[in-house]
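So the structure is just underneath, and the comments pick up after that.
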Amino acid sequence: MNYRINASQPFSPFWFTVEPQDTLAIRGNAALLNCSAHSDAATPARIEWKKDGTFMSLVSDERRRILPDGSLFFTHVVHSKHNKPDEGTYQCVATIDNLGSISSHTARLSVAGMPRFTSQPAPTSVHLGDSQVMACEINSDLVPFTRWEKDRQPLELSTRLVQLPSGALVISNASEADAGLYRCLVENVGSSKSSDEGQLQILPAPIGVISDAVFLVQPGPVTKVVGTSVLLPCVVTGYPAPHVRWMFGDKLLEESEGRVEILGGGSLQIFNLTEEDAGTYTCVADNSNATIETQTQLTVQVPPRFVKRPENIYAHESMDIVFECEVSGSPAPTVKWVKNGDAVIPSDYFKIIKEHNLQVLGLVKSDEGFYQCLAENDAGNIQSSAQLIILDHASPAGPTPSAPRDVVASLVSTRFIKLTWRQPAEPHGDELTYSVFYSQEGTSRERVVNTSRPGEMQVTIQNLMPDSKYRFRVVAHNSNGQGESSAALKVATQAEVQVPGPAPNLQAVPNTPTSVFLSWDKPVTGNGEILTYKLYYTDKSVGNEQDVDTDSLSYTLTGLKKNTEYSFRVVANNKHGPGVSTDDIVVRTLSDVPSGPPQNLTLEVQNSKSILLRWQPPPLNSQNGEITGYKIRYRKGSRRSEAAETTGGTQLNKLIDGLERGTEYSFRVSAMTVNGTGPATEWITAETFESDLDESRVPDQPSSLHVRPLVNSIVVSWTPPENQDIVVRGYTIGYGLGSPHAQTIKVDYKQRYYTIENLDHSSHYVITLKAFNNVGEGIPVYESAITRPQSDPDVDLYELFHPPYTPVPDPSPMMPPVGVQASVLSHDTIKVTWADNSLPKNQKITDNRYYTVRWKTNIPANTKVKMANTTSLSHMVIGLKPNTLYEFSVMVTKGRRTSTWSMTAQGTTFETIPSSAPKDVTVVSKENKPRTIIVNWQPPSEANGKITGYIIYYSTDVNAEVHDWVIEPVVGNRLTHQIQELTLDTTYYFKIQARNSKGMGPMSEAVHFRPVIYASPSNVPPKPGPSGKSGVGSNSENHILVIVIIISVGAFTIIVVVVGAFLCTRRTTSHQKKKRAASKSSNGSHKYKGNSKDLKPPDLWIHHERLELKPMDKSPDPNPVMTETPIPRTSQDITPADSGLESNPHLQQRRNSYRGHESEDNMSTLAGRRGMRPKMMMPFDAQPPQPVISAHPIHSLDNHHHHYHMGSLASPTRSYLYHQGSGHLRPHACATPISHLDRVDSTESVRNTPNSDPLPPATASSQASCPSEIMADLESSYHGSTTTEEEPSYSSNLPPHRSAHPHTHAHPLKSFAVPAIPPSSHPTYESPALPSTPLLAQTGPPTHPHVVKTASIGTLGRTRTPMAVTVNPVPLPQSYEPDELTEEMAHLEGLMKDLNAITTAP
């Protein structure tokens, strides 16, 4: 876009310098409302005034006029009970012609009423030192004009004499001087007025009399504006004089000079109010007799203020713009927009978005002007303006693009339309950008959407109205400017299903820890009667959404988890189906007391007077709320009296000290929430030491030190000092080359081994070990070791990385625990149990022993070991990884003795839903198939179980709801998937979700892909020539190729027929023919029964039949069943020709269905089928290229034109004609159309299961066949071939039929008519979009059943133009006479003439 932003059209400075303010006017007096505007325009702004939203007509008004500066002046204000023409809300409007208008904020003009006293001073008395109130209540607007007099003299107020907001006077701590006559006066409001006078008498202080404290004046709710002052009245009387104090919330309010003061009698005054001052105030008065209190609420209002003001905007016509306006205030201000002084009414093109912003859609020239944001609340109102200037497009600096071509709506929905187009014929530049202008039918406003990046030629227009007509046009832009517009395209959006809208006002309130009450309102757009509501709820900790139906507008959902977050949404249903869902709302159920005890409570005796307790929180599903603390109860021995201690909610240990020596104590721990205390653990006992260890001296020398050198490390193990009465805090290990002082390591006192790492191989190290405590280090013990050489064959590689984790036992070790078992409880919890043979038979622990449980995974890369202590014979290990094998072992410690580690136990945690999405998602287009894409991915990093499947989601809208995406399920062992039939030049988004036995994991991030057309010559379907000739192209080279192939095939056919005729004269008896009839695949996998050892090639009989080149027009089988079946290996795999055929109705039916004598044509084209991929099974071997006969199906589409595709044979497999009585192999084949081949393993072939649809009867114009007993190589057998009596079938699921019996009528080779290439009136075949290749099945007349096949001649790497051949089966006679051969040769000469005519035809 080229904006013309220059000095010729700058923004115009235009604002108010003075705006009117709220004014209290006096009836009959003059009044003034100020207003003045600033502008740089040549002519000054014209000021007008509005009263209560309507412009005032002041031309003939003598009492009100506008002053030169714009202010509104009232010469005298008129106000009476029934006529109040001047009181109201005023606003001034400034206008500059041809530019626009702005409005000021509003101001209230109030007229003071006549003073009316609702209460007046009355005679009263007060004791010395006490407080009293003189009443004087008047109109609230006149209180500021009220003053007091005493004895007709002005009364000076003080902290002791205070005038209340109502006008009343408080006299506190009364003295003799306060006696007199009091009255209040109203002045400066036109006429003054005074109240009655009241006599105040002073009484002496009472002696020996006690009276309760009583409120004379109590505070009421009050609202003030921030920055002003407030007086909260509180006047108390009583004897002795009550003491008054104020509370703010629950805190004592202290006086601060200049901010907070407590005036005489107890009233509270606060100056310069802030928002923080709002709240509850309590006046508390007490004396020796009683305490009384009263509360009030202070509300502090904040006038509106701008956080962000609207800014001036330049724009072009048809664009969309947004004026931003952000305001704050208390209460929250309301915002309205004004354009040139008139209120903006929201419509389809003027919208309020994001609370307060104004969006203008599809700008037109008349939208220019000043836009104002007006914010108002109870504390005030403000305004701010911004100017919109609509620019004309700059004149192009050079040639601009022509109109974009071929604008089409590629995707039409209810609320969006996707447009695509082609580049202009004359772009005049490379990187073009485009603008799409659109308008709804019947409106003049045109909107525009721009492409997001140069060169992009598609746009999706969002937020359209359903079932509405729109007009679209596209304009291209180059560096010079905007080009020509395309012709208008009219498109109508789809009608929206009349489903209900969202249910408004959805609310959820937790009732109990396990239930939530939900309510909602009826949808505004119900579109008919609402039948039911479906309430969806999701446990946020799990993520599985559930639902329940109801027909009311509320529901109480029970059976929920305690203290758990749930999300809720509601969908209304009518007769059309489910409607629009509400937004999710999230609510947490109420907390409750814990339902489970803390876990893994352990006791560690520290010394003779203290025991350390450790524990873990209750399981998450048992906490039922935030744990606020733990309660520890303990008792001595078997006494019933208990002591208790508490801890904070995050503290998981507690040292209980002050205990008695050598005494057994029992402990139990329970968790607490705000709701109460949960169940406690079982009692666990421990006994304090009889005497404390000695720490007045250093420890003795460790009793032993052992070293075990490896290549780069040394394993050090030791036993503690023999004198175990001295405290050992830890051990110090020193080591170095030749000296033990190079490196120092300190380990815990429980440690009994250490591996010194990162040492040099073949090096001499000295190691020292010392025990230490708080006094110092003890006597060292020394050892030396030489690390092993680098290539030491004796080093155990496992030990290099996994040093043994068994400490050297001390002189009197304990027996390790036995019977360790690991019981899997969940996906992250395993309970480990064991037995201790050193305990009594009842396995009750009565001493201070404790157990250490260690665990680790069996993953080699993660050998980190974790440990935990417990004083029971079980331990709950939590926080484990799902679907992971763990190993556990246990050791026992009693006092200063420990055991070795127990035997290990294993446990695999349960599966849970995947916690991460599939990764490395990629999308690529399949080669030569632009509408087919391949999605690849890797399993999720955190599968948490065996992946049983994946779901691929794809959509053209990345922001669509999940249920609107198309899904493709994939089995779990696949990491790739093909998706077909996508729309070209459309961006698709893909997500993948993994599934295991527990459910669905999260979705991957969306990956986008856009299928495009590849201009590959091999992928372009052939086009029919102008004369209807079929071929692969229309150029001269393809014509020549067709001619050459036709000549070659014709000549080859003649030679074969001549040779065959000659050989047939040498045929022997019928018995010899039957004996030698056999068939065999090129790799020898098929044999005839009764001749299993005879591996020679089969005899292939040639019937001299009438051959005609005729067009073929048959649809493929509509639903072929394609399976891959091993080729039979033994003679038993093939049933003899007529073995049991007549007695087996199933086989008889199968044969008839293939012959199709009474069938009808029920076949459909391939275009409607998906997922069928018939394969041509061609073996690969080391044989040299040989002539091949291979059968191929013919593709079919709906255009009824033949196209013969050139295809190369994928296999060098040989196929022969083996003439009877000859010892030579004679290659023979017939040329037919071929199609693309899929290469497959040589041990597989394709079979066709008979379909329930009968085959069509043959017609004279749709026959094509090789001689019926020329067999294709079995391993390249074609799918769906028709088997007749003259031809055995070698598909593995069909028995071969008996061969034809010779007949004595009809001459072979009678007619070799070779017609011209089929004219355009005959159908041609095109390759369908999908790679499936169904067979063109044909049948013959009932009297002459024959086979219809398509075959190709060729060798590996060659291609030949296919030719259709129709074969009418004719039986062979026993012999031929020379005259008959002469006659047949004449026919051959005729055939050659026909071929010459074809090749020379223009």
Heavy-atom check, side chain of [X] versus side chain of [Y], under 4.5 Å:
| X | Y | answer |
| --- | --- | --- |
| Cys373 | His356 | no |
| Gln21 | Asn34 | no |
| Tyr630 | Lys654 | no |
| Pro594 | Thr673 | yes |
| Phe248 | Val260 | no |
| Glu626 | Ser591 | no |
| Lys84 | Val111 | no |
| Leu155 | Leu161 | yes |

Ignoring hydrogens and geometry, is there a side-chain-to-backbone donor-acceptor pair from [X] to [Y] under 3.5 Å?
| X | Y | result |
| --- | --- | --- |
| His127 | Pro204 | yes |
| Asp196 | Ala122 | no |
| Thr223 | Thr299 | no |
| Thr681 | Pro597 | no |
| Asp52 | Thr89 | yes |
| Thr582 | Ala503 | no |
| Asn377 | Pro331 | yes |
| Thr118 | Glu137 | yes |
| Gln132 | Ser125 | yes |
| Thr564 | Lys562 | yes |

Of all the heavy-atom pairs spanning [X] and [Y], show the shortest one and how long it is.
| X | Y | answer |
| --- | --- | --- |
| Leu181 | Glu197 | CD1-OE1, 3.9 Å |
| Pro121 | Tyr182 | CB-O, 3.8 Å |
| Arg668 | Leu601 | CA-CD2, 4.4 Å |
| Pro240 | Asn287 | O-ND2, 3.3 Å |
| Pro242 | Gly238 | CD-O, 3.7 Å |
| Glu19 | His105 | OE1-N, 2.7 Å |

Point-to-point distance, once rounded to the nearest 0.5 Å, from [atom1] of [X] to [atom2] of [Y]:
| X | Y | atom1 | atom2 | result |
| --- | --- | --- | --- | --- |
| Arg569 | Thr538 | CZ | OG1 | 7.5 Å |
| Leu652 | Thr647 | CG | OG1 | 7.5 Å |
| Thr514 | Asn563 | OG1 | CG | 12.5 Å |
| Thr146 | Leu185 | OG1 | CG | 9.0 Å |
| Lys193 | Cys184 | NZ | SG | 10.5 Å |
| Cys325 | Arg309 | SG | CZ | 9.0 Å |

Legend entry - side-chain contact (heavy atoms from CB on, under 4.5 Å) assessment of Leu231 paired with Leu263: CA-CA 9 Å; Leu231 179 65; Leu263 305 177; 3.6 Å; yes
Inset, instruction - Take Ser330 and Gln301, measure what side-chain hydrogen bond (donor to acceptor under 3.5 Å, both in side chains) needs, and give me the verdict at the end. - result: CA-CA 5 Å; Ser330 179; Gln301 295 181 337; over 6 Å; no
Inset, instruction - Taking atom CG of Asp583 as the centre, report whether more than 12 heavy atoms of other residues, nucleotides or ligands fall under 6.0 Å from it. - result: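 At most 12 heavy atoms, drawn from other residues, nucleotides or ligands, come within 6.0 Å of this atom.
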Legend entry - Residue Arg635 excluded, over 12 heavy atoms near CZ under 6.0 Å: yes
Legend entry - N-O pairing of Asp178 and Arg160 below 4.0 Å: yes
Inset, instruction - Taking only Lys NZ, Arg NE, NH1 and NH2, and the carboxylate oxygens of Asp or Glu, determine whether Glu376 and Lys336 approach each other closer than 4.0 Å. - result: no
Legend entry - With Asp286 via salt bridge (Lys or Arg N to Asp or Glu O under 4.0 Å) - residues at least two apart: Arg245
Inset, instruction - Step by step, work out the side-chain hydrogen bond (donor to acceptor under 3.5 Å, both in side chains) result for Gln507 and Asn505. - result: CA-CA 6 Å; Gln507 295 181 343; Asn505 197 28; 3.3 Å; yes
Legend entry - Verdict with supporting geometry, Arg259 and Ile270, side-chain contact (heavy atoms from CB on, under 4.5 Å): CA-CA 6 Å; Arg259 262 281 288 160; Ile270 306 174; 3.7 Å; yes
Legend entry - Worked verdict on Leu164 versus Ser267 for side-chain contact (heavy atoms from CB on, under 4.5 Å): CA-CA 9 Å; Leu164 299 181; Ser267 297; 4.1 Å; yes
Legend entry - Stepwise side-chain contact (heavy atoms from CB on, under 4.5 Å) check, Val126 with Ile202: CA-CA 5 Å; Val126 62; Ile202 305 300; 3.5 Å; yes
Inset, instruction - Would you check if the distance from the ring center of Tyr90 to the ring center of Phe74 is below 6.0 Å? - result: yes
Inset, instruction - In sequence, state the C-alpha distance, the side-chain angles, and the governing distance for Thr159 and Glu261, and then conclude on side-chain hydrogen bond (donor to acceptor under 3.5 Å, both in side chains). - result: CA-CA 9 Å; Thr159 57; Glu261 293 182 8; over 6 Å; no
Inset, instruction - Look at the aromatic rings of Tyr537 and Tyr566 and report parallel, tilted or perpendicular, splitting at 30° and 60°. - result: tilted
